[in-house]
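Chain naming here is simple, since letters A, B, ... match the order of the sequence lines and numbering starts at 1 in each.
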Protein chains: 2
Amino acid sequence: MRRVTPRRRQILDTAADLFAARGFHGVSVGDIGAAVGISGPALYKHFAGKEDILGQCLLHASERLLEGARALTEHGGDGDEVRHDRAGRAGHGGGTDAPAGHAGAPEDDVLEALIAFHTDFALSQPSLIVIQEREWGSLGEQARVRVRERQLAYIDVWTRALRPHRPELSPAQARAAVQAAFGLLNSTPHSARISRAAMRDLLTRMARAALTLSLIHI
Amino acid sequence: MRRVTPRRRQILDTAADLFAARGFHGVSVGDIGAAVGISGPALYKHFAGKEDILGQCLLHASERLLEGARALTEHGGDGDEVRHDRAGRAGHGGGTDAPAGHAGAPEDDVLEALIAFHTDFALSQPSLIVIQEREWGSLGEQARVRVRERQLAYIDVWTRALRPHRPELSPAQARAAVQAAFGLLNSTPHSARISRAAMRDLLTRMARAALTLSLIHI
DNA sequence: CCTCGCGGTTAATACTCTTTAACCATGCGG
DNA sequence: CCGCATGGTTAAAGAGTATTAACCGCGAGG
């Protein structure tokens, strides 16, 4: 019941899609089984139960987000000040359109890298994004706290990256701003009528503006 | 089965909270009944069924949003150009902190009013916001299309209001930008660690920046 | 007075769901 | 060839669900 066989991976992927589309309680184990070509109780050869499937989805998603974010901040420093060295683009494919900086502000700090990273993740794994933000309450106690820990740590990485840009914000305000930016970036499952590249460009620009320029009055 | 008695209103409100918290399929009619002090099948004296309750919640929410938005645009004009006359603040209480404009841009156009209106709605009715964006798929055919019509019309009002600010965006891009802004404004149920006034201010500023300033490169 | 509709009750029906049990094919190490 | 783990099957159990049925107290209008 431990290793990750291709079948298990397939089950997790299709289950994530179903959970995202109809909600955890709106999907039966029969539905999941049928979606992968087997039927109902065969899933119990791979997972302990329905809740375990959701748990593995969420553990995997939150872990990938957190580790990706931490990889962007750990260039040797603690990430509490704006860094000017090149931030790696995170292995999620695509994304040749790096923002052409021109103002005095640093163009390649951690926040910029986080925006690009999260946008790529949301565009490539919309189902994981959806269930991560709305289904973590359907988990049992132990799995929920583990997922929640990673989610809070992920928010914390973002909040620290935002601080140098917006020193006037209190920690609580910065957290709220980060979560609002998540709402913006995670809106991609609800739209998807323009090309992926255009969506990526639009979302990164909007998130950048919302996070760094929102002190300007119109 | 038609008129809106206080009991019916109470049922709809508490059901909306439950649906927002645990999802439509995660709430039983017994749960809803218990939450209002009656038990289970008594709900059928007021509504045709569980799905009908969700339908009335969503119809009500989408109607209030659409009518509120339309009231802001209908000052006699069609709202396709930026208007400089005073836009009414929408009767949702609060909100004395009008943005102090200083740049050349118009400070009180329809978009600004829509941002304020939607922010107020999201802050005062978070449950309706949540179920409106994630539970409309649990509706039957006829109710779903009626709710969806209103939602699309609401998006359309926003998109038209955004056009004069961002003429370079294609209609599809403008729609995506509007939905991203909704994601940002609707993030309020996930945070709520700062005061309502501070949240209102933060969200309106971020949405304003995301929608109107996102063409600026950092 | 008395009927009658309104809003409630509990019991019962007819599912559907998760999970377990019992069984079976197949490929592989010895 | 044997044994057996792997991954699948169907049947069944047991809990939970929405919905309906049958019944009841009660306040108001004739």
[atom1] of [X] versus [atom2] of [N]: gap in Å, rounded?
| X | N | atom1 | atom2 | result |
| --- | --- | --- | --- | --- |
| B:Phe24 | D:dT17 | CZ | C1' | 12 Å |
| B:Glu51 | D:dT19 | CD | P | 8 Å |
| B:Ile38 | C:dT10 | CD1 | C1' | 14 Å |
| B:Tyr44 | D:dA22 | OH | C1' | 17 Å |
| A:Lys50 | C:dT16 | NZ | P | 15 Å |
| A:Asp31 | C:dT16 | CG | P | 12 Å |
| B:Leu54 | D:dA18 | CG | P | 13 Å |
| B:Phe47 | D:dT20 | CZ | C1' | 19 Å |

ask   = Taking atom types as modelled, is there a side-chain donor on B:Thr159 or B:Asp156 under 3.5 Å from an acceptor on the other?
value =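 No donor-acceptor contact under 3.5 Å links the two side chains.
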ask   = Would you say the side-chain atoms of A:Asp17 and A:Thr14 include a donor-acceptor pair closer than 3.5 Å?
value =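 A:Asp17 vs A:Thr14: no donor-acceptor pair found between side chains.
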key: Selection from D:dA21, D:dA11, D:dG8 that lies nearest to any side-chain heavy atom of B:Pro41   =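 Nearest to the side-chain atoms of B:Pro41, counting from C-beta on, is D:dA21.
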message = Measuring from the side chain of A:Ser28 (C-beta onward, heavy atoms only), which nucleotide among D:dT17, C:dC17, D:dG8 has the closest atom?
response =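 Ranking D:dT17, C:dC17, D:dG8 by closest atom to the A:Ser28 side chain puts C:dC17 first.
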B:Glu135 to B:Gly23 - nearest heavy-atom pair and separation =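 In terms of heavy atoms, the two residues are closest at OE2-CA, 3.1 Å.
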Under 4.0 Å between a side-chain N or O of [X] and OP1 or OP2 of [N]?
| X | N | answer |
| --- | --- | --- |
| B:Arg7 | C:dG8 | yes |
| B:His25 | C:dC17 | no |
| A:Lys45 | D:dT6 | no |

query = Hey, does A:Gly49 reach any base, or is it just sugar-phosphate, or nothing, if we go heavy atoms under 4.0 Å?
reply =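 It contacts sugar-phosphate atoms only.
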request  = Would you indicate what B:Val27 reaches in the nucleic acid, counting non-hydrogen atoms under 4.0 angstrom: base, sugar-phosphate, or nothing?
outcome  =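 If one applies the 4.0 Å heavy-atom cut-off, B:Val27 turns out to touch the sugar-phosphate alone, with no base involved.
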inquiry  = For A:Arg64, is there an ion pair with A:Glu67 - N to carboxylate O distance below 4.0 angstrom?
reply    =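 Not counted as a salt bridge, because no side-chain N and carboxylate O are separated by less than 4.0 Å.
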query = Between A:Glu149 and A:Arg146, does at least one N-O distance fall below 4.0 Å, as a salt bridge requires?
reply =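 Judged by the 4.0 Å cut-off on N to carboxylate O distance, A:Glu149 and A:Arg146 do not form a salt bridge.
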